[in-house]
S.K.: 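The structure is given below, and queries will be raised subsequently.
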There are 2 protein chains.
Amino acid sequence: MSTHGTTAAQGEQPRWLDAEEQRAWRAWLYSAQLLLDRLDRELVRETGIPHTYYEILVALSETEDHMLRMSELADRCLSSRSRLSHAVSRLEERGWVRRQVCPDDGRGQLAVLTEEGFAALEAAAPVHVEGVRAHLFDQLSPEQVAAVRDVGETLLRHLGPR
Amino acid sequence: MSTHGTTAAQGEQPRWLDAEEQRAWRAWLYSAQLLLDRLDRELVRETGIPHTYYEILVALSETEDHMLRMSELADRCLSSRSRLSHAVSRLEERGWVRRQVCPDDGRGQLAVLTEEGFAALEAAAPVHVEGVRAHLFDQLSPEQVAAVRDVGETLLRHLGPR
DNA sequence: GTGGAATAAGTGAGCCCTCAACTACGCTGC
DNA sequence: GCAGCGTAGTTGAGGGCTCACTTATTCCAC
């Protein structure tokens, strides 16, 4: 048993996967897990920055003034508020991000990228991009890259905006 | 700055991503994160079984006698030995898996799926497959599904077997 | 058969994430 | 001007994972 199978333990008959779907699903799942894992490990090993931290630094660096509201930052990093709050606390300890009360909303906080944080990001970016090239783009033909984008954007329309 | 950029802080010039690659990478990353997250959450919510546990139960159920050596099980689940050891301990507490010394190698342990574990899997499988359908296959054309498989298997040849 | 390397698995400290409170502020209507 | 509700963010307990280390067994050369 797994995602295919012949026994249904429910009222509605489950729409089991056929052999082709099974292969597609497993290939997607394993490759996604391995790729995410590999990129994270290499980044940590070579720069000491986990991918989750990296994403936060990137999001901040992409704004005009290197700062974002906590909730906006959480959305851009596909992170829960709580997770982001913990993560920013840890980044503060490293001196890479600083918190600042939001001028136009007393409830809000701004996460601000520090000089040190920007420097850490600059050091990590080449490592990260090299990983993405080596393990993704270098392995795929232009047609496959186009398909990756197409499938990804299709799924995002379903799963996203949120 | 991010995975594109114009400043290189290294000897070797980083091979930055162009705009198209950037889009492909982000689409892939976000869709992968959202899909994995969504499937796990739905499975936990409706069955109380996290996806990592589910994968272990599936791997065991797919063998002839519903048992596997710990290290073989770890490989099939793309899990570290340590992680699997912890996970199997938790599954033992739920009564879904049982450990048993390996007859032909005194160092080895066999993880054995129990009746209760199999029943839990049978209950969870329809929920899981429905999630995979709803969030993956129902969203994609047959051509896109073929591309997913093709890309996944290509990446696996690079990332996998280990 | 014995010493030593290799292999199988488990353990525990520490980090990260989730979930469910909780605090603090803002907004509206009366 | 304050009651009540919604929103922004934080907190802490608890679970899961990683990493380095430990224990137990097997393999092999001699």
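Sequence lines set the chain letters: A, B, ... in the order given, protein chains first and strands last, and positions in each chain run from 1. All heavy atoms count here, side chains included; hydrogens, waters and symmetry mates do not.
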S.K.: Report whether Val112(B) and Trp96(B) are members of the same hydrophobic cluster (ILVMFWY, side-chain heavy atoms less than 4.5 Å apart, transitive linking).
M.R.: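 In one cluster with Val112(B): Trp96(B), no.
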S.K.: Without decimals, in angstroms, what is the distance between Leu84(B) CG and dT11(C) P?
M.R.: 13 Å
S.K.: Starting at CG of Leu73(B) and ending at P of dG10(C), how long is that distance when rounded to a whole Å?
M.R.: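 For the pair Leu73(B) CG and dG10(C) P, the rounded distance is 11 Å.
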S.K.: In Å, rounded to the nearest 0.5 Å, how long is the span from NE2 of His135(A) to CG of Leu155(B)?
M.R.: 11.0 Å
S.K.: Using the rule side chain to side chain contact (heavy atoms under 4.5 Å, CB included), only one of Arg98(B), Glu72(B), Met70(B), Gln100(B) pairs with Leu110(B); which is it?
M.R.: Gln100(B)
S.K.: Answer yes or no: is there an ion pair linking Arg157(A) with Glu153(A), defined by an N-O contact shorter than 4.0 Å?
M.R.: no
S.K.: For DNA chain D, write out the stems as range with range, using runs of 3 or more consecutive Watson-Crick or G-U pairs with both distances under 3.5 Å.
M.R.: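 Looking at DNA chain D, the stems formed by three or more consecutive pairs are C:1-30 with D:1-30.
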S.K.: How does protein reach along nucleotides 16-26 of chain C, written 5' to 3' as B (base within reach of a heavy atom under 4.0 Å), S (only sugar-phosphate), or - (no contact)?
M.R.: SSBB-----BS
S.K.: Between Glu55(A) and Arg83(A), is there a salt bridge with N-O shorter than 4.0 Å?
M.R.: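 A salt bridge is absent here (no side-chain N lies under 4.0 Å from a carboxylate O).
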S.K.: Quick one: Glu55(B) CD to dC17(D) C1', roughly how many Å, whole number?
M.R.: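 Those two atoms, CD and C1', are 15 Å apart.
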S.K.: Just N and O in the side chain of Arg81(A): are any of them under 4.0 Å from OP1 or OP2 of dT7(D)?
M.R.: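 So the side chain of Arg81(A) is outside the cut-off, no N or O lying under 4.0 Å from OP1 or OP2 of dT7(D).
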S.K.: Could you tell me the separation between the CD atom of Gln109(B) and the P atom of dT23(D), rounded to a whole number of Å?
M.R.: 17 Å
S.K.: Could you walk me through whether Ser85(A) and Arg99(A) satisfy the side chain to side chain contact (heavy atoms under 4.5 Å, CB included) test, starting with their C-alpha distance in whole Å, then the side-chain angles of each, then the deciding distance to 0.1 Å, before giving a yes or no?
M.R.: CA-CA 10 Å; Ser85(A) 190; Arg99(A) 267 183 247 245; 3.9 Å; yes
S.K.: Just how far is it from atom CG of Leu57(B) to atom CD1 of Ile49(B), taken to the nearest 0.5 Å?
M.R.: 6.0 Å
S.K.: Sequence neighbours left out, what pairs pass ring-ring contact (aromatic ring centres under 6.0 Å, His included) with at least one residue falling in residues 58-93 of chain A?
M.R.: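 Matches after skipping sequence neighbours: His66(A)-Phe118(A).
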S.K.: Taking CD from Glu72(A) and P from dT7(D), how many angstroms apart are they, rounded to a whole number?
M.R.: 16 Å
S.K.: Over how many whole Å does the gap from Asp40(A) atom CG to dC19(D) atom C1' extend?
M.R.: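 Taking atom C1' of dC19(D) as the reference, CG of Asp40(A) is at 14 Å.
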S.K.: Let me know the distance between CG of Leu110(A) and P of dA8(D), rounded to the nearest Å.
M.R.: 13 Å
S.K.: In whole angstrom, what separates Arg99(A)'s CZ from dA8(D)'s C1'?
M.R.: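 It works out to 12 Å between those atoms.
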S.K.: Applying side chain to side chain contact (heavy atoms under 4.5 Å, CB included) to Cys77(A) and Leu73(A), what does each step give before you reach the verdict?
M.R.: CA-CA 6 Å; Cys77(A) 296; Leu73(A) 184 54; 4.0 Å; yes
